[in-house]
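In what follows, a structure is listed as C-alpha cells, so that the remarks can point back to it.
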Protein chains: 2
Amino acid sequence: MTIDQIINKIYPLSEASRESLKKHITEVTYPKGHILLKAKKIETSIYFIKKGIVRAFSNLADNEVTFWFGKEGDTVISMKSYVARKKGYEDIELLENCELYELKTQDLQKLFNEDIQIANWGRKFAEQELIKTEERLIFLQFKNASERYASLLKNSPDLVKRVQLRHISSYLGITQVSLSRIRAEIK
Amino acid sequence: MTIDQIINKIYPLSEASRESLKKHITEVTYPKGHILLKAKKIETSIYFIKKGIVRAFSNLADNEVTFWFGKEGDTVISMKSYVARKKGYEDIELLENCELYELKTQDLQKLFNEDIQIANWGRKFAEQELIKTEERLIFLQFKNASERYASLLKNSPDLVKRVQLRHISSYLGITQVSLSRIRAEIK
DNA sequence: GTCATTTTTTATCATTTGTAAAACGATTCC
DNA sequence: GGAATCGTTTTACAAATGATAAAAAATGAC
C-alpha cells in the first residue's frame, strides 16, 4: 500500500497538505520478531504499515494478552503516548518482516497547529480508530467466544491464516484450549 | 457543570473560538426515562451533560446490553452517526432528570472547516474518547468479573449508587446473578 | 530427510458463569 | 393497610470455560 493511499483513506487531503505531511514521513523495514513500540516507553513515532502484520500485547501477571492486530494500511500507534504523552500499555511485535512508513509525533503535532486540513485529518483518524475500538468493545461484551471467532473468521480470514492461534485466542479473550474446542466444533 | 468548563476540559480554546462554538449550543432538559438518542436513527445532535446520568444500550437478541454510562461533564454522542453518518447501535436513556447542552452536528462540522482551533478541539475530543474506550476494552479483555466490579466501585462509586444493578451487571458483561454473587463475596 | 522445538489439539477434571425459579425487600398505587 | 409491582438476592442445576497434562501435528534447523 502506498503512503498516498493510506493518507487519503483516512481523509482526503489537498496535494499541498499531503506533501507537507509526506515531507516528514520516511520508510523503514524491520524483521519478524522486532519490537516496534514498547510499553515502558513514551513513544515518539507512529507508523503506517506498507507490508506485513503486527500485534499489540500487554504483559499481564504472568501471561501476555494480545488485544490488537494491524496489517497493510493500518496505523501502529501507542495511543497513550500519542494522546497523553504517557507510557502506553502495549508492546508492538512484528509477526512478519515489515515495511513501514514512520512519522514523528512531534512533527505531526506541529502540523496540527499550522494546517487546518491536517488538523481535520488527525481528527478523522482518531474518530475512525474510535469507531473500530467501540465496535470491538461491543463485540467483546455482547458476543460469546464462538460468535467472536466466527466473526473474526468471516471479517479477517487472512488474519486467522497469518497469525498463530495462541495470539488469536488471546485476542478473543479465551484460552488456546477453548479456541481449539471451538474450531473442532465448526469442522 | 458549566459549558465553558466542559469545553475547556476537552481542549482549551481562545475566547473567540469558544464563543463561536457556544453560539450554536442551547440548553435543554428532559425527564428520567426519556430516550435521547435512538439506535434506528441517524442522529443530528450531540449533548453535553450539565446534570444527570444516562446510559447507552443496545437491544441484542432478546435482552438489552448497557455498554456506556455518562454523567456530569460527559458527552452524549452516537459515534456512528457523528463519524460515519450511519445509524448507531445504541439507544441513550436518561436514568435521572437531566439538564443538557445541545449542539447540532452540522454546525460543528462547519466550524471544523473554518476554525483550526475548533478542528483541534474536535480532534482532542475524539482522541480522549478513544483512550477511554481503549482502556475499557483492555479491562474487559484482561480482567475477570470481580476485578471489573471492584474497579468500577473504586473509580465510580457514585455510579454504583445512582444506577440500577441490572444495568451495572450488563455493563460489566455478566448476569445480574453473577454480580450478586460477587457483591455477596465482598461483604 | 531427520531431529528438536514449537504449536495445536485432545482428554480429564475443577471452577466459573449462566438459566430458571423462588424468596425477599422496597416502593407504589388504590 | 394491603395488593401489586419492581429490583435484588438466593438457590439448585446446567452449560461453558479454565487448568493441566499429554498426544499429535507443524515448523524450523541442520
Side-chain angles (χ1 to χ4, degrees), chain A residues 31-34 52-55 57 60-67 69 93-97 139-153 156-187, chain B residues 31-34 53-55 57-67 69 93-97 139-153 157-187:
Chain A
K32 176 175 174 173
H34 177 74
I53 200 160
V54 312
R55 73 176 179 117
F57 67 96
L60 202 82
D62 45 349
N63 64 331
E64 58 179 46
V65 183
T66 298
F67 63 93
F69 293 110
E93 179 195 359
L94 308 190
L95 300 177
E96 301 174 350
N97 296 331
F139 231 80
L140 208 56
Q141 193 171 347
F142 287 14
K143 310 278 189 176
N144 63 31
S146 322
E147 290 169 323
R148 296 203 295 275
Y149 176 69
S151 157
L152 188 69
L153 206 54
S156 310
D158 57 322
L159 202 100
V160 181
K161 276 178 203 147
R162 289 164 77 182
V163 173
Q164 289 183 9
L165 288 174
R166 66 197 182 97
H167 296 145
I168 302 276
S169 63
S170 171
Y171 176 79
L172 293 171
I174 54 178
T175 59
Q176 194 170 351
V177 175
S178 273
L179 178 58
S180 262
R181 273 195 283 245
I182 289 168
R183 284 163 60 85
E185 271 173 33
I186 287 175
K187 280 171 199 162
Chain B
K32 175 176 174 173
H34 176 74
I53 199 159
V54 312
R55 71 176 181 119
F57 67 97
S58 269
N59 272 298
L60 202 81
D62 44 347
N63 65 331
E64 58 180 45
V65 184
T66 297
F67 63 93
F69 293 110
E93 179 195 0
L94 308 190
L95 299 177
E96 300 175 350
N97 296 330
F139 230 80
L140 208 55
Q141 195 171 348
F142 287 15
K143 308 278 189 179
N144 63 32
S146 319
E147 290 170 323
R148 296 204 295 275
Y149 177 69
S151 158
L152 187 70
L153 205 56
D158 57 323
L159 202 98
V160 181
K161 275 179 203 146
R162 288 163 80 181
V163 172
Q164 290 183 9
L165 288 175
R166 65 197 182 97
H167 296 147
I168 303 274
S169 63
S170 170
Y171 176 79
L172 293 172
I174 54 177
T175 60
Q176 198 168 352
V177 175
S178 273
L179 179 57
S180 260
R181 276 195 279 245
I182 290 167
R183 285 163 58 86
E185 270 173 33
I186 288 174
K187 276 170 201 163

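The chains referred to below are lettered A, B, ... by the order of the sequence lines, with proteins before strands, and numbering in each begins at 1. Atoms considered below: every heavy atom in the structure, side chains included; atoms not considered: hydrogens, waters and symmetry mates.
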Item checked: A/R148 side chain vs A/K143 backbone, donor-acceptor pair below 3.5 Å ->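 Side chain of A/R148 to backbone of A/K143, a donor-acceptor pair under 3.5 Å: yes, one is there.
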For atom [atom1] of [X] and atom [atom2] of [N], their distance in whole Å:
{"X": "B/E64", "N": "D/dG7", "atom1": "CD", "atom2": "P", "answer": "11 Å"}
{"X": "A/Q176", "N": "C/dT10", "atom1": "CD", "atom2": "P", "answer": "12 Å"}
{"X": "A/L172", "N": "D/dT17", "atom1": "CG", "atom2": "C1'", "answer": "14 Å"}
{"X": "A/I182", "N": "D/dT17", "atom1": "CD1", "atom2": "C1'", "answer": "9 Å"}
{"X": "A/R166", "N": "C/dT8", "atom1": "CZ", "atom2": "C1'", "answer": "11 Å"}
{"X": "A/N144", "N": "D/dA14", "atom1": "CG", "atom2": "P", "answer": "21 Å"}
{"X": "A/H167", "N": "C/dT6", "atom1": "NE2", "atom2": "P", "answer": "14 Å"}
{"X": "B/Y149", "N": "C/dT16", "atom1": "OH", "atom2": "P", "answer": "19 Å"}

Would you say [N] has OP1 or OP2 under 4.0 Å from some side-chain N or O of [X]?
{"X": "A/T175", "N": "D/dG18", "result": "yes"}
{"X": "B/R181", "N": "C/dT17", "result": "no"}
{"X": "B/S180", "N": "D/dT10", "result": "no"}
{"X": "A/R183", "N": "C/dT9", "result": "yes"}

Of all heavy-atom pairs between [X] and [Y], which one has the smallest distance, and what is that distance?
{"X": "B/F69", "Y": "B/I168", "answer": "CZ-N, 4.2 Å"}
{"X": "B/L140", "Y": "B/L172", "answer": "CD1-O, 4.1 Å"}
{"X": "A/G52", "Y": "A/E96", "answer": "CA-OE1, 3.5 Å"}
{"X": "B/A145", "Y": "B/I174", "answer": "CB-CG2, 3.6 Å"}
{"X": "A/Q141", "Y": "B/V65", "answer": "NE2-CG1, 3.9 Å"}

Notebook entry, point to check: What's the closest nucleotide to the B/S178 side chain, out of D/dA19, C/dG18, D/dG7?
Noted result: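 Side chain of B/S178 sits closest to C/dG18.
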Item checked: Degree of bending in the helix from C/dG1-D/dC30 to C/dC30-D/dG1 once both end axes are built from five pairs, to 10° ->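 That helix has its two terminal axes inclined by roughly 50°.
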Check: Is there a side-chain contact between B/H167 and B/F57 (heavy atoms, below 4.5 Å)?
Finding: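 Result no, sub-4.5 Å side-chain heavy-atom pair not found.
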Notebook entry, point to check: How is B/L179 classified with respect to the nucleic acid when contacts are heavy atoms under 4.0 Å: base, sugar-phosphate, or nothing?
Noted result: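 Here B/L179 touches no strand at all.
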Next item on the list: With DNA chain D as reference, determine whether B/Q164 or B/V177 sits nearer its 5' end, using the nearest nucleotide of each.
Entry: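 It is B/Q164, whose closest nucleotide lies nearer the 5' terminus.
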